[in-house]
A.B. asks: 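Pasting a structure here, questions to come.
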Amino acid sequence: MATPIISINDLHAHVGQTVTLQAWLYDKTPKGKLIFLQARDGTGRCQCVMFKGDFDEATFEAAKALPQESSLTITGVVKADPRAPGVPGGFELGVKEIAIVQTSAEYPITPKEHGIEFLMDNRHLWIRSARQWALLRVRATVMRAIRSWLDGRGFLEMSTPILTPSAAEGTTNLFEVGYFDDKAYLAQTGQLYNEANIFAFGRVYCFGPTFRAEKSKTRRHLTEFWMVEPEIAFCDLDQLLEIEEQFVSHIVQTVLRENANELKTLDRDVSKLAHIAPPFPRITYDDAVAKLIEMQAGLRAGTPVLRHDGKPLEGIEDPALLDITWGMDFGAPHETALTQLCAKPVFVTGFPTAIKAFYMEPYPGRPEVCKSADLLAPEGYGEIIGGSERISDPARLEERIREHGLPMDPYRWYVDLRKYGSVPHSGFGLGVERTVTWICGTEHIREASPFPRLINRMYP
RNA sequence: UCCUCGAUAGCUCAAUGGUAGAGCAACCGGCUGUUAACCGGUAGGUUACAGGUUCGAGCCCUGUUCGAGGAGCCA
């Protein structure tokens, strides 16, 4: 009689029943007349137990010799047993039949420790490992939460081009590709096109891969990453920040609700995420610079400014890393220091106009700062959102394009948008992998992408 | 582009300038509750590459390649 084929994450609903799993062997522990097989099927992992007396000699010996990652169908009775390891765990299969689909070749990734180069060379296999599996499941939840939140609030998903004729903010960081007899560049943002889209649809977002040819070699950078960019008509910077904090909170809370097992696998301290809810604190660039100067002085004087939880700052080995004067952009150490002052993500608003993109609206009466806001994730994870209110006046926009030394022709259509019913409008871009890295509490962004592209890595 | 560190068995790592070693994986044997099981045994090496110093180099020197971490820039 055929038994039902079920997923490991559905085991709890089949206690006492005979079911079939289609799975791979994650690990095994043979113990003489008893074998523990740990099976994974993409939805979870569970222990399957074989007793020698239940099988003929050949079947039992074959099972005992199975290499890691062999593919199997296993039929048995589901039992609740608190001793059973796995994800979600607590259930095991008392094996009645086992069929080997393929006996795996010797599998390179053992349950022991490995170096990062080896693991990256074997990324196509590494994604099967518990930690990577959990991370990428969280990533999928993050992407789903992004879409469902925006779709539920009147945002229309609009695809923006990946092949673009020129840069929004200079071409040095762009990948150049041949385009018949011409050149094209891989998009580093869909924002400008989204600004056209809002005049047709009101609120839109684009969601796709983004490319940066930066020669960055840090734990925060990929050359190809996914970014969601909402853009909203009739929206100023203050309204934008409210949207951002609700959006980010929704993403975090969705992962907490749906990926508890994954976060446990990752050993993530969820108490650092549970309280993520609006409102997020706001600090102006002016105040942030003053705070950084104070923090640097504190470190040097031996009377350091403490973190939000009362502990000393971490990750600032040398106070000189906090060097800053008004007008400078923040580096990673500045972000690391600032984010430790707060348990929630923090908005830094009003950056100097000179260090930001040409399209950002200056503050009335104070044109040296603009209506921009970065959102910095806690625990030193850094910038996950960059956003701003865009210039709505055509003359001012043209002026800013000239000041940046950009050619006017490619931006003709962009200026055009301000001539036909211009309105205050704002938008932001959220980096998916950085968000996943923060939520998962992971060291390096490369683990937040299934097949990360890094400055020195395109294989596999 | 710059700074720092690294490269030894399939993997993770040891080895005062003096015979190249362990754990895991593989292979053989044992074990009915393991959680990276454990116990016994077998096999496994062009010490990244090129040159130099030395009686003798995995180790010291020079260069190259590759990798890791960080800076700048950014999400």
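Hydrogens, waters and symmetry mates are skipped; everything else that's a heavy atom, side chains included, is used. By convention in this document, chain letters (A, B, ...) are assigned in the order of the sequence lines, proteins followed by strands, and residues within each chain are numbered from 1.
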A.B. asks: Check for me: is Phe225(A) stacked on rA75(B) by the 5.5 Å centroid and 30° plane-angle rule?
C.D. replies: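 Phe225(A) ring centre within cut-off of rA75(B) base, planes near parallel; stacks.
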A.B. asks: Between rA25(B) and Lys112(A), counting only base atoms on the nucleotide and side-chain atoms on the residue, is there a donor-acceptor pair under 3.5 Å?
C.D. replies: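 Side chain to base: no pair below 3.5 Å.
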A.B. asks: From CE of Met328(A) over to P of rG72(B), roughly how many Å is that when rounded to an integer?
C.D. replies: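 Those two atoms, CE and P, are 8 Å apart.
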A.B. asks: Could you tell me whether Phe211(A) and Phe225(A) have their ring centroids closer than 6.0 angstrom?
C.D. replies: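 No, the ring of Phe211(A) stays outside the 6.0 Å limit from the ring of Phe225(A), centre to centre.
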A.B. asks: Counting Watson-Crick and G-U wobble pairs only, both distances under 3.5 Å, name the nucleotide matched with rC27(B), or none.
C.D. replies: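 Base partner found: rG41(B).
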A.B. asks: Among rC11(B), rG72(B), rA36(B), which is the nearest nucleotide to the side chain of Asp27(A)?
C.D. replies: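 Of the options given, the side chain of Asp27(A) lies nearest rA36(B).
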A.B. asks: Among Pro281(A), Pro378(A), Ser249(A), which residue meets the side-chain contact (heavy atoms from CB on, under 4.5 Å) test with Pro345(A)?
C.D. replies: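 One option only clears the test, and that one is Pro378(A).
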A.B. asks: Say we look at rC73(B) and rC60(B): how far apart would their P atoms be, to the nearest angstrom?
C.D. replies: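 Pairwise P distance, rC73(B) against rC60(B), rounds to 37 Å.
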A.B. asks: For rU32(B), does OP1 or OP2 lie under 4.0 Å from any side-chain N or O of Arg83(A)?
C.D. replies: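 Negative; the distance criterion is not met.
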A.B. asks: Between Pro108(A) and Gly53(A), which residue's closest nucleotide on RNA chain B lies nearer the 5′ terminus?
C.D. replies: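 Mapping each residue to its closest nucleotide by heavy atoms, the 5'-most match is Pro108(A).
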A.B. asks: Rounding to a whole Å, what distance do you find between Ile455(A):CD1 and rC74(B):C1'?
C.D. replies: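 Computing the Ile455(A):CD1 to rC74(B):C1' distance gives 13 Å.
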A.B. asks: Of the options rA25(B), rC74(B), rG33(B), whose atoms approach the side-chain atoms of Leu34(A) most closely?
C.D. replies: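 Looking only at side-chain atoms, Leu34(A) lies closest to rG33(B).
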A.B. asks: Using a 4.0 Å heavy-atom cut-off across all strands, classify Phe51(A) as base, sugar-phosphate, or nothing.
C.D. replies: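 Base: the residue Phe51(A), judged by heavy atoms under 4.0 Å, touches a nucleobase.
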A.B. asks: What distance, rounded to whole Å, do you find between the two C1' atoms, one in rG67(B) and one in rA48(B)?
C.D. replies: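 Going atom to atom, C1' in each nucleotide, I get 11 Å.
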A.B. asks: Checking only heavy atoms, does the side chain of Thr110(A) share a donor-acceptor pair with the base of rC11(B) at less than 3.5 Å?
C.D. replies: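 No such pair is found, so the answer is no.
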A.B. asks: Between rC59(B) and rG6(B), how many Å separate the two P atoms, rounded to a whole number?
C.D. replies: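 Taking atom P in both rC59(B) and rG6(B), they lie 14 Å apart.
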A.B. asks: In Watson-Crick or G-U wobble terms, both distances under 3.5 Å, what is the partner of rU1(B)?
C.D. replies: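 rA71(B) - that is the nucleotide pairing with rU1(B), both distances being under 3.5 Å.
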A.B. asks: Quick one: the side chain of Glu113(A) and the base of rG23(B), do they pair up donor-acceptor inside 3.5 Å?
C.D. replies: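 Flag unset: no donor-acceptor pair detected.
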A.B. asks: For the side chain of Arg212(A), starting at C-beta, report the closest nucleotide among rC73(B), rA75(B), rU12(B).
C.D. replies: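 Closest nucleotide to the Arg212(A) side chain: rA75(B).
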A.B. asks: For RNA chain B, whose closest nucleotide is more 5', that of Asp81(A) or that of Ile384(A)?
C.D. replies: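 Checking each residue's closest nucleotide, the 5'-ward one belongs to Asp81(A).
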A.B. asks: Between atom CZ in Arg45(A) and atom C1' in rU34(B), what is the gap in whole Å?
C.D. replies: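 The answer, rounded to whole Å, is 15 Å.
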A.B. asks: In terms of side-chain heavy atoms of Ile445(A), which of rA71(B), rG67(B), rA75(B) is nearest?
C.D. replies: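 Looking only at heavy atoms from C-beta outward on Ile445(A), the closest nucleotide is rA75(B).
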A.B. asks: Using a heavy-atom cut-off of under 4.0 Å over every strand shown, decide if Ile385(A) touches base, sugar-phosphate, or nothing.
C.D. replies: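 Counting heavy atoms under 4.0 Å across all strands, the contact made by Ile385(A) is with sugar-phosphate only.
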A.B. asks: Looking at every strand, decide which applies to Gly382(A) at a 4.0 Å heavy-atom threshold: base, sugar-phosphate, or nothing.
C.D. replies: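 Here Gly382(A) touches no strand at all.
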A.B. asks: Choosing from rG33(B), rC74(B), rU32(B), which nucleotide comes nearest the side chain of Arg434(A)?
C.D. replies: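 Within the option list, the nearest is rC74(B).
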A.B. asks: Measure the spacing between OG1 of Thr349(A) and CG of Leu240(A) and express it to the nearest 0.5 Å.
C.D. replies: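 Answer for the OG1-CG pair, Thr349(A) versus Leu240(A), is 12.0 Å.
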A.B. asks: Do NZ/NE/NH1/NH2 and the carboxylate oxygens of Lys371(A) and Glu361(A) come within less than 4.0 Å?
C.D. replies: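 Glu361(A) and Lys371(A): not salt-bridged.
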A.B. asks: Can you tell which of rU32(B), rC74(B), rA71(B) lies closest to the side chain of His221(A)?
C.D. replies: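 Closest nucleotide to the His221(A) side chain: rC74(B).
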A.B. asks: Taking atom C1' in both rC11(B) and rG33(B), what distance in whole Å separates the two?
C.D. replies: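 Going atom to atom, C1' in each nucleotide, I get 29 Å.
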A.B. asks: Tell which nucleotide pairs with rC59(B), taking only Watson-Crick or G-U wobble pairs whose two distances are both under 3.5 angstrom.
C.D. replies: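 Base partner found: none.
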A.B. asks: Check this one for me: any side-chain N or O of Arg220(A) less than 4.0 Å away from OP1 or OP2 of rA71(B)?
C.D. replies: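 Checking Arg220(A) against rA71(B): at least one side-chain N or O falls below 4.0 Å of OP1 or OP2.
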A.B. asks: We want to know whether Thr18(A) and His14(A) form a side-chain donor-acceptor pair, criterion being a heavy-atom distance below 3.5 angstrom.
C.D. replies: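 Note: Thr18(A) and His14(A) side chains miss the donor-acceptor criterion.
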A.B. asks: What is the nucleic acid contact for Gln47(A), judged by heavy atoms within less than 4.0 Å: base, sugar-phosphate only, or nothing?
C.D. replies: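 Result for Gln47(A) = base.
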A.B. asks: Do Glu379(A) and Arg268(A) meet the salt-bridge criterion of a basic N to acidic O distance under 4.0 Å?
C.D. replies: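 Between Glu379(A) and Arg268(A) there is a salt bridge, with a charged N closer than 4.0 Å to a carboxylate O.
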A.B. asks: Can Tyr359(A) and Gln191(A) be counted as having a side-chain donor-acceptor contact under 3.5 angstrom?
C.D. replies: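 Side-chain D/A pair, Tyr359(A) to Gln191(A): present.
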A.B. asks: Take atom C1' in rU64(B) and the same atom in rC55(B), then report the distance between them in whole Å.
C.D. replies: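 Per the computed distance, 29 Å lies between those C1' atoms.
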A.B. asks: Looking at every heavy atom in both Gly190(A) and Cys206(A), which two are closest together, and how far apart are they?
C.D. replies: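 Heavy-atom minimum between the residues: CA-SG, 4.1 Å.
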A.B. asks: Need one value for Pro85(A): base, sugar-phosphate or nothing, where a base atom within 4.0 Å counts as base even if backbone is also close, heavy atoms only.
C.D. replies: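 Touches a base.
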A.B. asks: Taking only the C1' atom of each, what is the distance from rA9(B) to rA14(B) in whole angstrom?
C.D. replies: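 Those two atoms are separated by 13 Å.
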A.B. asks: Say you pick atom C1' in rU47(B) and the same atom in rG58(B); how far apart are they, in whole Å?
C.D. replies: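 Those two atoms are separated by 5 Å.
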A.B. asks: Please give, in whole Å, the distance from rG33(B) P to Phe91(A) CZ?
C.D. replies: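 Rounded to whole Å, this separation is 23 Å.
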A.B. asks: For Leu322(A) and rG72(B), what is the distance between atoms CG and P respectively, to the nearest whole Å?
C.D. replies: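 Value for this atom pair: 11 Å.
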A.B. asks: From the options rA71(B), rC73(B), rC74(B), select the nucleotide whose nearest atom is closest to the side chain of Asn173(A).
C.D. replies: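 Given the options rA71(B), rC73(B), rC74(B), the side chain of Asn173(A) is closest to rC73(B).
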A.B. asks: Taking any heavy-atom pair under 4.0 Å as a contact, classify Arg457(A): base, sugar-phosphate, or nothing.
C.D. replies: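 Nothing: the residue Arg457(A), judged by heavy atoms under 4.0 Å, touches no strand.
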A.B. asks: Would you call Asp81(A) and Arg83(A) a salt bridge, using N to O less than 4.0 angstrom?
C.D. replies: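 A salt bridge is present here (some side-chain N lies under 4.0 Å from a carboxylate O).
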A.B. asks: Can you tell me how far P of rC74(B) sits from CD of Gln191(A), to the nearest Å?
C.D. replies: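 My rounded result for the distance is 14 Å.
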A.B. asks: Across the strands shown, which category fits Glu229(A) at heavy-atom distances under 4.0 angstrom: base, sugar-phosphate, nothing?
C.D. replies: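 No contact at all - Glu229(A) keeps every heavy atom at 4.0 Å or more from the nucleic acid.
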A.B. asks: So does His444(A) get a side-chain nitrogen or oxygen closer than 4.0 Å to the phosphate oxygens (OP1/OP2) of rG69(B)?
C.D. replies: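 Yes.
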A.B. asks: Consider the side chain of Glu117(A), meaning its heavy atoms from C-beta on, and name the nucleotide among rG67(B), rG33(B), rA71(B) that approaches it most closely.
C.D. replies: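 Nearest listed nucleotide: rG67(B).
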A.B. asks: Could you please name the option among rG33(B), rA71(B), rC73(B) that lies closest to any side-chain atom of Lys31(A)?
C.D. replies: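 Selected nucleotide (nearest to the side chain): rG33(B).
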A.B. asks: State whether the distance check finds a donor on one side and an acceptor on the other, under 3.5 Å, for side chain His114(A) versus base rC11(B).
C.D. replies: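 It does not, because no donor-acceptor pair links the side chain of His114(A) to the base of rC11(B) below 3.5 Å.
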A.B. asks: If you look at every strand shown and take non-hydrogen atoms under 4.0 Å, does Lys217(A) touch a base, only sugar-phosphate, or nothing?
C.D. replies: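 Base contact - Lys217(A) has a heavy atom under 4.0 Å of at least one base atom.
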A.B. asks: Would you indicate what Pro30(A) reaches in the nucleic acid, counting non-hydrogen atoms under 4.0 angstrom: base, sugar-phosphate, or nothing?
C.D. replies: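 Base contact.
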A.B. asks: How long is the line joining CD of Glu106(A) and P of rA25(B), in whole Å?
C.D. replies: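 These atoms are roughly 11 Å apart.
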A.B. asks: Work out how far the P atom of rG72(B) is from that of rU53(B), and round it to whole angstrom.
C.D. replies: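 rG72(B) and rU53(B) have their P atoms separated by 44 Å.
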A.B. asks: Just compare rA75(B), rU32(B), rA71(B) and give me whichever is closest to any side-chain atom of Ala332(A).
C.D. replies: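 Within the option list, the nearest is rA71(B).
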A.B. asks: What's the CZ-C1' distance between Phe351(A) and rC74(B), to the nearest Å?
C.D. replies: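 Taking CZ of Phe351(A) and C1' of rC74(B), I get 12 Å after rounding.
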A.B. asks: Give a yes or no on whether a salt bridge exists between Lys356(A) and Asp374(A), defined as a side-chain N under 4.0 angstrom from a carboxylate O.
C.D. replies: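 Between Asp374(A) and Lys356(A) there is a salt bridge, with a charged N closer than 4.0 Å to a carboxylate O.
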